[in-house]
Peer 1: 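Quick one: the structure is below, questions incoming.
Every heavy atom of this structure was used, including side-chain atoms; hydrogens, water molecules and symmetry mates were not. Here is the naming used below: chain letters follow the sequence lines, and residue numbers restart at 1 for every chain.
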Amino acid sequence: MAIDLFNTLGGRVEALVPQHDNELRMYCCGPTVYDYGHIGNFRTFLHVDVLRRFAALKGMKLKHVMNVTDVDDKIIRNAAAANMPIGEYTAKFERAFFEDMDALGVQRPEIIARATENIGDMVTLIEKLASEDIAYKTEDGSWYFRIARFPDYGKLSKKDFDGIEDGARVDVDEYEKDAARDFALWKAVKPNEHSWDTSLGVGRPGWHIECSAMAMKHLGPTFDLHAGGEDLTFPHHENEIAQSEAASHVPLAKHWFHVRFLLVEGKKMSKSEGNFYTLRDLLLKGYRASAIRFLLLSVPYRHQMNFTFEGLTESANAIDRLRTFARRLDKTEFAAGEDAGLAALTVEKQRLFDAALSNDLNTAEARAAIFDLVRAANSAADTGTLLAGNVASIRDLLARFDSVFDVLTDRDQRVTRDALAWAEAEGRLGEAAPELVASSSFSEEEIQKLVDERTLAKKQRNFARADAIRKELAEKGILIEDGKDGVSWKRK
RNA sequence: GGACCGAUGGCGAAGUGGCUAACGCGCUGGUCUGCAAAACCAGUAUUCAUGGGUUCAAAUCCCAUUCGGUCCUCCA
């Protein structure tokens with residue numbers, strides 16, 4: 001079964017079918033490494049992650065290229081402000097970016113392409129465009145793309161560029177361009193700026209050219225899918241199409257995948273609204289990485305989602321339900337045999353799970369299928385109709401779910417510890433929630449000692465002491481569960 | 001100003017012409033438990049922003065209004 005996916009280019013849902021050898025060749029616009037990534041950035045990368053994981057589940061091979069923009073205006077400005085060479089500055093934030101991606105369980109693309117390491121390919125592409133008079137050089141030494149030479153301009157963003165829109169801003173500084181909409185391919189060097197001395201002159205690449213050059217270098221002139229946040233549709237992706245297709249004369253990408261923006265507490269996320277959060281901000285507030293991942297994935301990628309703190313708590317609770325069930329499956333000795341009804345239900349839920357993701361990556365419905373299974377299986381376990389022969393298929397479906405959602409394995413403690421260590425190194429430990437700092441310094445040995453003491457007290461029917469210990473642990477975020485198979489605990 | 005998207009229970013959210021409007025969280029009651037927790041069971045929107053219209057039938061299609069969002073040159 002193919003994956004049906006909305007294609008911005010066609011404006012409708014179309015089957016995603018790899019063109020070569022069942023290998024999905026995809027390019028995803030990556031980060032500009034000038035600061036720490038925020039949750040809006042990660043919503044996009046997380047949904048691209050779901051796409052690649054589900055494609056792999058459907059048996060496709062993956063060749064996923066992501067760029068790292070490590071030279072641009074903001075980088076130059078910020079590095080200068082920090083009095084650092086841009087390479088050192090971007091290395092710091094690139095490292096932080098991948099740490100965050102790891103924290104959220106986002107798989108690494110097969111190929112990471114840095115702009116500064118591919119200048120030569122960009123120059124070659126611009127020269128090719130220049131040879132056809134599509135690129136032209138202005139008096140200051142910059143190079144621009146002549147939009148008049150690319151009739152398809154606007155096909156992705158569905159814009160009609162005949163005439164200038166009312167209210168549209170037009171950059172009056174760049175008066176030397178032939179047309180207002182012509183965009184920069186190569187920017188002439190300015191004083192004290194990082195630059196490259198090339199056949200085009202001394203300067204640095206424009207924003208869009210890196211993606212065209214690196215995508216075609218690694219994936220060929222036409223590949224299966226190109227992804228990014230919704231804002232990139234125009235001008236970035238439109239310009240990429242223009243640059244690439246004007247040179248190659250074939251379509252750049254078959255499918256264009258755009259992830260919608262999120263709201264934070266019902267409003268557009270912005271620094272001035274005070275609702276702008278990096279991943280690290282949230283970790284220091286005590287929210288778990290898995291809850292952040294699950295929340296960001298719970299609303300399908302084409303819908304606007306409202307990111308709230310209440311939602312994070314809900315997601316953490318929902319994950320606890322799943323993890324508790326997975327533990328129950330592992331720890332319980334089920335009676336021999338197989339319940340046919342439950343076996344059939346498991347098959348049906350797997351069908352629904354796959355169908356939901358195949359239907360334009362409907363993560364909300366896929367999730368619902370798994371919760372249906374969990375309720376049915378818990379119920380069956382309670383009434384004794386979950387039998388040993390049912391366990392394997394239920395476990396398989398959970399694993400299938402987790403190969404896409406990746407929230408069952410608890411990596412949260414490690415991620416939070418790393419975030420605290422980072423905060424300490426950066427002198428930002430004061431931003432961390434106090435109970436988080438207290439809880440993380442509470443070792444497993446200490447916890448286990450108290451848990452054992454409580455178990456002993458219970459045996460002696462000293463319930464006052466047992467309850468006091470339980471309360472003490474609860475205040476440090478440790479939750480005790482007395483089960484049939486002994487006492488266990490978990491961090492809240 | 002122009003183009004485009006959205007509004008579903010206490011909260012998040014699926015569903016886009018036809019069975020009792022998924023699922024998660026929360027809340028209330030019950031079972032279990034020394035008490036809890038976990039789990040299960042029952043209850044929790046006669047109703048899908050508002051007002052009109054089309055249809056045998058609308059949360060789903062059409063029009064208007066209100067509100068939120070994206071884009072209209074470097075923001076995921």
Side-chain angles (χ1 to χ4, degrees), chain A residues 11 28-32 37-48 69 72-74 157-161 164-171 174 180-184 187 206-208 227-236 238-239 258-263 266-270 294-295 298-300 302-308 310-322 324-325 327-328 352 356 362-372 374-383 458 461-464 466-467 470-471 474 479-484 487-490:
Chain A
C28 171
C29 286
T32 300
H38 57 71
I39 51 177
N41 297 121
F42 292 118
R43 165 145 142 113
T44 298
F45 296 121
L46 244 6
H47 280 280
V48 171
T69 300
D72 92 319
D73 294 344
K74 284 191 294 289
S157 51
K158 319 276 187 291
K159 289 183 191 303
D160 180 3
F161 291 103
I164 294 170
E165 301 85 11
D166 290 340
R169 283 164 284 162
V170 174
D171 193 337
E174 295 177 295
R181 296 211 164 270
D182 286 358
F183 57 88
K187 296 181 172 186
W207 176 33
H208 317 292
E230 64 169 320
D231 60 315
L232 296 183
T233 309
F234 188 88
H236 184 56
E238 196 71 67
N239 291 353
H258 292 104
V259 179
R260 272 202 88 173
F261 273 17
L262 49 70
L263 302 181
K267 290 201 167 137
K268 178 184 176 171
M269 180 171 72
S270 73
F294 203 45
L295 178 59
S298 292
V299 179
R302 273 211 297 146
H303 291 212
Q304 184 169 70
M305 85 158 295
N306 185 15
F307 187 96
T308 64
E310 198 183 341
L312 280 176
T313 305
E314 287 167 9
S315 290
N317 291 344
I319 290 170
D320 275 344
R321 176 172 169 80
L322 298 175
T324 301
F325 173 69
R327 267 201 306 274
R328 179 177 198 181
L352 286 174
N362 192 331
T363 46
E365 278 198 343
R367 234 186 77 134
I370 298 308
F371 281 104
D372 282 341
V374 169
R375 184 175 3 85
N378 264 323
S379 179
D382 282 359
T383 56
K458 261 182 29 148
R461 304 196 67 80
N462 182 355
F463 295 122
D467 290 351
R470 184 167 65 197
K471 189 160 175 254
L479 217 66
I480 290 211
E481 292 175 10
D482 298 331
K484 281 198 198 79
V487 182
S488 63
W489 60 270
K490 65 182 181 189

Peer 1: For the side chain of A/Asn378 and the backbone of A/Arg375, is there at least one donor-acceptor N/O pair under 3.5 Å apart?
Peer 2: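 Checking the backbone N and O of A/Arg375 against the side chain of A/Asn378, no donor-acceptor pair under 3.5 Å is found.
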Peer 1: Between the side chain of A/Arg43 and the main-chain N/O of A/Gly229, is any donor-acceptor distance below 3.5 Å?
Peer 2: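 Answer holds: no.
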Peer 1: Measure the spacing between CG of A/Leu263 and CD of A/Gln304 and express it to the nearest 0.5 Å.
Peer 2: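 If we round to the nearest 0.5 Å, A/Leu263:CG and A/Gln304:CD are 4.0 Å apart.
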Peer 1: Would you kindly give the NZ-to-P distance between A/Lys268 and B/rC67, to the nearest whole Å?
Peer 2: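 Atom NZ in A/Lys268 sits about 18 Å away from atom P in B/rC67.
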Peer 1: Rounding to an integer number of angstrom, what distance separates B/rG12 and B/rU8 when you compare their C1' atoms?
Peer 2: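 The answer is 11 Å between these two C1' atoms.
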Peer 1: Using a 4.5 Å cut-off on heavy atoms from C-beta on, say whether the side chain of A/Phe261 contacts that of A/Thr44.
Peer 2: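 Not touching, per the 4.5 Å side-chain cut-off.
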Peer 1: Step by step, work out the side-chain contact (heavy atoms from CB on, under 4.5 Å) result for A/Thr313 and A/Glu310.
Peer 2: CA-CA 5 Å; A/Thr313 305; A/Glu310 198 183 341; 5.7 Å; no
Peer 1: Is any side-chain heavy atom of A/Glu481 closer than 4.5 Å to a side-chain heavy atom of A/Trp489?
Peer 2: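 Side chain of A/Glu481 against side chain of A/Trp489, heavy atoms only: no contact under 4.5 Å found.
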Peer 1: Using the P atom as the reference point in each nucleotide, state the distance between B/rU20 and B/rC4 in Å, no decimals.
Peer 2: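 So the two P atoms sit 37 Å from each other.
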Peer 1: By nearest heavy atom, map A/Lys187 and A/Pro300 onto RNA chain B; which one lands nearer the 5' end?
Peer 2: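 The answer here is A/Pro300.
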Peer 1: Using the C1' atom as the reference point in each nucleotide, state the distance between B/rU50 and B/rG2 in Å, no decimals.
Peer 2: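 Comparing C1' positions in B/rU50 and B/rG2 gives a spacing of 26 Å.
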Peer 1: Which heavy atom of A/Lys158 sits nearest to which heavy atom of A/Gly11, and what is that distance?
Peer 2: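 Shortest heavy-atom contact: NZ-N, 4.4 Å.
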Peer 1: Using a 3.5 Å limit on both pairing distances, list the dot-bracket string of RNA chain B from the 5' end; Watson-Crick and G-U wobble pairs count, crossing pairs take [ ], interstrand pairs take |.
Peer 2: ((((((((.[[[..)..(....]]]((((((.......))))))....[[[[[..)....]]]]])))))))....
Peer 1: For A/Thr383 and A/Asn317, take the nucleotide of RNA chain B holding the closest heavy atom to each; which residue's nucleotide lies nearer the 5' end?
Peer 2: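 Between the two, 5'-proximity favours A/Asn317.
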Peer 1: Just to confirm, is there a sub-4.0 Å distance from OP1 or OP2 of B/rA39 to any side-chain nitrogen or oxygen of A/Arg321?
Peer 2: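 Result: yes.
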Peer 1: Could you run down the sub-3.5 Å N/O contacts of the protein with nucleotides 41-45 of chain B?
Peer 2:
none

Peer 1: Parallel, tilted or perpendicular, judged at 30° and 60°: which one describes the rings of A/Trp207 and A/His236?
Peer 2: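 Taking A/His236 first and then A/Trp207, their aromatic rings lie parallel (interplane angle under 30°).
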Peer 1: Classify A/Phe371 by what it touches in the nucleic acid, base, sugar-phosphate, or nothing, heavy-atom distance under 4.0 Å.
Peer 2: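 Sugar-phosphate only.
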Peer 1: If you look at every strand shown and take non-hydrogen atoms under 4.0 Å, does A/Ile480 touch a base, only sugar-phosphate, or nothing?
Peer 2: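 Touches a base.
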Peer 1: Taking only the P atom of each, what is the distance from B/rC41 to B/rC23 in whole angstrom?
Peer 2: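 B/rC41 and B/rC23 have their P atoms separated by 11 Å.
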Peer 1: Quote, to the nearest angstrom, the P distance that separates B/rA58 from B/rG51.
Peer 2: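 Comparing P positions in B/rA58 and B/rG51 gives a spacing of 16 Å.
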Peer 1: More than 12 non-hydrogen atoms from neighbouring residues, nucleotides or ligands closer than 6.0 Å to NZ on A/Lys490, yes or no?
Peer 2: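 Counting neighbours around NZ of A/Lys490, more than 12 heavy atoms of other residues, nucleotides or ligands fall under 6.0 Å, so yes.
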Peer 1: May I ask you to say what A/Lys471 touches in the nucleic acid, namely base, sugar-phosphate or nothing, with a heavy-atom cut-off under 4.0 Å?
Peer 2: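 If one applies the 4.0 Å heavy-atom cut-off, A/Lys471 turns out to touch nothing in the nucleic acid.
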Peer 1: With a non-hydrogen cut-off below 4.0 angstrom, is A/Asn362 in contact with a base, only sugar-phosphate, or nothing?
Peer 2: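 A/Asn362: backbone/sugar contact only, no base atoms under 4.0 Å.
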Peer 1: Assign A/Arg260 to base, sugar-phosphate, or nothing according to its heavy-atom contacts below 4.0 angstrom with the strands shown.
Peer 2: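 A/Arg260: base contact, heavy atoms under 4.0 Å.
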Peer 1: Using atom C1' in both nucleotides, what's the gap between B/rC32 and B/rA42 to the nearest angstrom?
Peer 2: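 To the nearest whole Å, 16 Å.
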Peer 1: Please report the shortest heavy-atom distance between A/Pro300 and A/Asn362, naming the atom on each side.
Peer 2: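 Residues A/Pro300 and A/Asn362, closest heavy atoms: CG-OD1, 3.7 Å.
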Peer 1: First locate atom CZ of A/Arg302, then atom CD of A/Glu230, and finally report the distance between them rounded to the nearest 0.5 Å.
Peer 2: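 With rounding to 0.5 Å, CZ (A/Arg302) is 11.5 Å from CD (A/Glu230).
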Peer 1: Do we see A/Phe45 stacking on the base of B/rA76, given a limit of 5.5 Å between centres and 30° between planes?
Peer 2: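 No; centroid distance or tilt outside limits.
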Peer 1: Taking A/Glu365 for the side chain and A/Ala356 for the main chain, is one N or O donor matched with an acceptor at less than 3.5 Å?
Peer 2: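 Answer holds: no.
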Peer 1: Determine the interatomic distance between P on B/rG1 and the same-named atom on B/rG52; round to the nearest Å.
Peer 2: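 Comparing P positions in B/rG1 and B/rG52 gives a spacing of 27 Å.
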Peer 1: Within the structure shown, what part of the strands sits under 4.0 Å from A/Leu262 by heavy-atom distance: base, sugar-phosphate, or nothing?
Peer 2: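 Here A/Leu262 touches the bases of the nucleic acid.
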Peer 1: Under 4.0 angstrom, heavy atoms only, what part of the nucleic acid is A/Gly40 near: base, sugar-phosphate, or nothing?
Peer 2: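 Touches a base.
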Peer 1: At 4.0 Å (heavy atoms only), tell me whether A/Val259 reaches a base, stays on the sugar-phosphate, or touches nothing.
Peer 2: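 Contact class for A/Val259: none.
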Peer 1: Find every protein N or O atom lying less than 3.5 Å from an N or O atom of nucleotides 33-35 of chain B, and list the pairs.
Peer 2:
{"unit_1": "B/rG34", "atom_1": "N1", "unit_2": "A/Asp467", "atom_2": "OD1", "d": "3.1"}
{"unit_1": "B/rG34", "atom_1": "N2", "unit_2": "A/Asp467", "atom_2": "OD2", "d": "2.6"}
{"unit_1": "B/rC35", "atom_1": "O2", "unit_2": "A/Arg470", "atom_2": "NH2", "d": "2.4"}
{"unit_1": "B/rC35", "atom_1": "N3", "unit_2": "A/Arg470", "atom_2": "NH1", "d": "3.0"}
{"unit_1": "B/rC35", "atom_1": "N4", "unit_2": "A/Asp482", "atom_2": "OD2", "d": "3.3"}

Peer 1: When only distance counts, do a donor and an acceptor, one from the side chain of A/Lys159 and one from the base of B/rC4, lie under 3.5 Å apart?
Peer 2: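 In this structure, the two groups form no donor-acceptor pair.
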Peer 1: Under 4.0 Å between any heavy atoms, over every strand shown, what does A/Asn239 touch: base, sugar-phosphate, or nothing? Just pick one.
Peer 2: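 The answer is nothing, as A/Asn239 stays clear of every strand by at least 4.0 Å.
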Peer 1: Is the shortest side-chain heavy-atom distance between A/Arg367 and A/Ile370 below 4.5 Å?
Peer 2: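 Not touching, per the 4.5 Å side-chain cut-off.
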Peer 1: For nucleotides B/rA64 and B/rA7, find the distance between their C1' atoms and express it as a whole number of Å.
Peer 2: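 Nearest-Å result for B/rA64 against B/rA7 at atom C1': 16 Å.
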Peer 1: Check whether any side-chain heavy atom of A/Met305 lies under 4.5 Å from a side-chain heavy atom of A/Leu295, and answer yes or no.
Peer 2: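 Yes, at least one pair of side-chain atoms sits under 4.5 Å.
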Peer 1: For A/Asn378 and B/rC23, give me the distance from atom CG to atom P, rounded to whole Å.
Peer 2: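 The answer, rounded to whole Å, is 15 Å.
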Peer 1: Give one of base, sugar-phosphate or nothing for A/His258, where a contact means two heavy atoms less than 4.0 Å apart.
Peer 2: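 The answer is nothing, as A/His258 stays clear of every strand by at least 4.0 Å.
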Peer 1: Is there a donor and acceptor pair closer than 3.5 Å between the side chain of A/Glu314 and the base of B/rG12?
Peer 2: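 No such pair is found, so the answer is no.
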